Amino acid sequence: MSGDEKAGTVPEEAIQTVLWRLDVCSPSIVYSSGADGQTYTRDEMKKEVAAHSATGIDFVNAEIDFLRAQASGELAALLAQ
């Protein structure tokens with residue numbers, strides 16, 4: 001994660017990638033955020049991401065971390081254990 005991501009901002013390309021990924025998800029999917037148990041529908045999460053809210057930025061960072069782990073083979077190695 002870069003310094004910008006830690007500071008709460010992420011590149012616009014990352015936001016657009018995550019919005020695209022949300023577009024291809026089922027509209028009935030529900031996301032849970034943190035220990036407080038707050039849930040978001042796909043469309044609610046898209047609004048959070050588009051608004052660059054704290055929840056949206058956290059979601060973008062998690063999605064980008066997942067994509068990096070998948071691309072590097074780290075995810076496959078963890079699943080193979």
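Here the structure is a predicted model, which means the values were calculated and not measured.
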State, to 0.1 Å, how close [X] and [Y] come at their nearest heavy-atom pair, and which atoms those are.
| X | Y | result |
| --- | --- | --- |
| F66 | L75 | CE1-CD2, 3.4 Å |
| T41 | Y31 | O-CD1, 4.3 Å |
| A50 | L19 | N-CD2, 4.3 Å |

Quiz item: Are V24 and I64 in one and the same hydrophobic cluster, where Ile, Leu, Val, Met, Phe, Trp and Tyr link if side-chain heavy atoms are under 4.5 Å apart?
Solution: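 No, no single cluster joins them.
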Exercise. Taking the side chain as every heavy atom from C-beta outward, state whether L22 and V49 have any pair of such atoms under 4.5 Å apart.
Key: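 Yes - at least one pair of side-chain heavy atoms lies under 4.5 Å apart.
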Self-check item: Beyond-backbone contact of V10 with H52, side-chain heavy atoms, under 4.5 angstrom
Solution: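 No; the side chains remain at least 4.5 Å from each other.
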Quiz item: How many angstroms lie between atom OG of S33 and atom CZ of F59, to the nearest 0.5 angstrom?
Solution: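 With rounding to 0.5 Å, OG (S33) is 9.5 Å from CZ (F59).
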Quiz prompt | Set of side chain to side chain donor-acceptor pair (under 3.5 Å) partners for S53, sequence neighbours left out | solution =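 Result, side chain to side chain donor-acceptor pair (under 3.5 Å) vs S53: E48.
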Practice problem: Any pair with a residue in residues 20-30 that passes side chain to side chain donor-acceptor pair (under 3.5 Å), sequence neighbours left out, goes on the list, sorted by first then second residue, please. | Solution: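 Sorted pair list: R21-E63, D23-K46, S26-S28.
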